Structures are given as C-alpha cells and as structure tokens.
Visitor: 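Below is the structure I would like to discuss, written out as structure tokens.
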Amino acid sequence: MAKRHWLVKSEPDAYGWDDLVAEWEAGDNRDYPGQNPGMWDGVRNYAAASHMREMKNGDEVFFYHSQQGLEIVGIAEVAGEHYVDPTDKKAGERKTKFVCVDLKPVRSLANPVSLKQIKANPELAEMKLVRQGRLSVSPVTDAEWKEILKMAGE
DNA sequence: GCCAACGTTGGC
DNA sequence: GCCAACGTTGGC
C-alpha cells in the first residue's frame with residue numbers, strides 16, 4: 001500500500017509544531033497526561049474525521065500553522081491509526097464517533113512554505129488548503145506533496 | 001427531508 | 001476586528 005499524504009492545520013497559539021516536538025520528547029501528552037504524545041484530538045468535523053479514518057501508519061503529513069505564521073512548518077508521520085477521541089464527551093450519544101490519530105514529528109522545514117507561496121503557484125491551485133480553507137485535515141496528492149517539498153528546497 | 005438561522009473557522 | 005465560507009442544528 002503506497003504511502004498517502006495529508007495536511008493538518010493547527011493554531012500555534014493553541015498547539016504548534018514545537019508543542020508536538022515537545023510532547024514526543026517528554027513521551028507524554030501535554031493536555032491529557034497518560035494519553036499518547038501527538039494525539040490529534042478535538043477534530044469535530046465529519047469531513048476531517050473521515051480523512052483521519054483513512055490515515056495509515058507511516059503516511060506523511062504536512063503540519064500547517066493557521067492564524068499565525070500561515071505556513072507549512074514541518075513534516076509529521078502517522079504513528080497511530082484512528083481511534084475514538086477520548087476528549088469527545090458525547091461520543092456515546094452519537095452514532096458516528098469523532099476520532100483522532102497520533103502524529104509524530106519527522107522533521108521541520110528549514111524553509112517553511114507559506115500560504116501566499118502556495119496560492120501563487122498554479123500547480124497548487126486545486127489544493128484543498130486553498131479551495132476549502134476551513135478544513136482542518138485534508139488529503140494532499142503526490143504531485144502537490146512533491147511540489148511543496150521542492151518549494152521548501154528539500 | 002428541506003432550509004433558514006446560527007456558530008465557527010481562518011484569511012485578510 | 002471584520003467578513004466570507006461552510007458546517008451544524010432545529011423547526012416545520
């Protein structure tokens with residue numbers, strides 16, 4: 001099964017790339033001690049959740065900073081496939097449960113790729129990040145993945 | 001099952 | 001801080 005690629009976004013004020021790295025260094029979850037480091041919890045959007053259900057261990061994920069920075073700052077990988085989000089208090093009342101995955105930092109980008117650069121690149125005009133800005137977890141095609149790595153000078 | 005109202009996200 | 005886009009909720 002070929003590796004797939006994804007993009008997740010997070011507000012660095014709430015939980016940024018550095019926080020992800022720190023959690024793995026600490027070997028624990030900052031906000032929910034005892035839970036896995038890098039637990040991607042709190043997604044309450046069905047489209048985003050269904051993407052998380054498709055994520056497989058080893059898939060690579062761009063980590064994007066929204067609100068502040070507005071750029072892809074690093075690459076993470078899926079280190080734990082989807083499970084019911086332990087922070088979803090109403091999971092029992094719903095037929096479709098929200099889920100989370102675990103993300104593990106692989107490396108930060110020496111040259112982050114900004115939303116502005118992405119929008120300026122016609123190759124990336126179809127990206128979900130551009131077309132549907134509010135989606136917090138979205139698929140990235142192989143071509144888009146390569147193009148962005150190229151822009152990052154990797 | 002439709003659709004208006006409301007809430008949230010996120011770029012600017 | 002504003003506003004557009006979109007998702008969710010709830011009345012009918």
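Protein chains get the first letters and strands the later ones, always in sequence-line order, with residue 1 at the start of each. Given the structure is predicted, the values throughout are model-derived calculations rather than measurements.
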Visitor: Could you identify which residues cluster with A:M39, counting Ile, Leu, Val, Met, Phe, Trp and Tyr as linked when any side-chain heavy atoms lie under 4.5 Å apart, either directly or through a chain of such contacts?
Guide: A:Y32, A:Y83
Visitor: Who pairs with A:S114 by side-chain hydrogen bond (donor to acceptor under 3.5 Å, both in side chains), at least two apart in sequence or on another chain?
Guide: A:Q117
Visitor: Taking only residues two or more places apart in sequence or in another chain, which ones pass side chain to side chain contact (heavy atoms under 4.5 Å, CB included) with A:R131?
Guide: A:E126
Visitor: Would you mind listing the cluster partners of A:V21? Hydrophobic ones only (ILVMFWY), side-chain contacts under 4.5 Å, chaining allowed.
Guide: A:W6, A:V8, A:Y15, A:W17, A:L20, A:W24, A:W40, A:V43, A:M52, A:M55, A:V61, A:F63, A:V73, A:V78, A:V99, A:V101, A:L103, A:V137
Visitor: Counting only heavy atoms and a strict 4.0 angstrom limit, can you tell me which residues of residues 67-75 of chain A come near DNA chain B?
Guide: A:Q67, A:L70
Visitor: Strictly under 3.5 Å: I want the nitrogen or oxygen pairs between protein and nucleotides 2-7 of chain C, one per line.
Guide:
residue: C:dA5; atom: N3; partner: A:R134; partner atom: NH1; Å: 3.3
residue: C:dC6; atom: O2; partner: A:R134; partner atom: NH1; Å: 2.4
residue: C:dG7; atom: OP1; partner: A:Q132; partner atom: NE2; Å: 2.7

Visitor: Applying side chain to side chain contact (heavy atoms under 4.5 Å, CB included), can you list everything that pairs with A:D88, at least two apart in sequence or on another chain?
Guide: A:R44, A:D85, A:K90, A:A91, A:R94, A:F98
Visitor: So does A:E60 pair up with A:R4, basic N to acidic O under 4.0 Å?
Guide: no
Visitor: Please enumerate all residues that pass side-chain hydrogen bond (donor to acceptor under 3.5 Å, both in side chains) together with A:Q132, with sequence neighbours excluded.
Guide: none
Visitor: According to the salt bridge (Lys or Arg N to Asp or Glu O under 4.0 Å) rule, which pairs have a member within residues 139-150 of chain A, sequence neighbours left out?
Guide: A:E147-A:K150
Visitor: In whole Å, I'd like the distance from the CG atom of A:L7 to the P atom of B:dG10.
Guide: 11 Å
Visitor: Would you mind reading off the distance between A:D88 atom CG and C:dT8 atom C1', rounded to a whole angstrom?
Guide: 15 Å
Visitor: Looking for any heavy atom pair under 4.0 Å, which part of the strands does A:K119 touch: base, sugar-phosphate only, or nothing?
Guide: sugar-phosphate
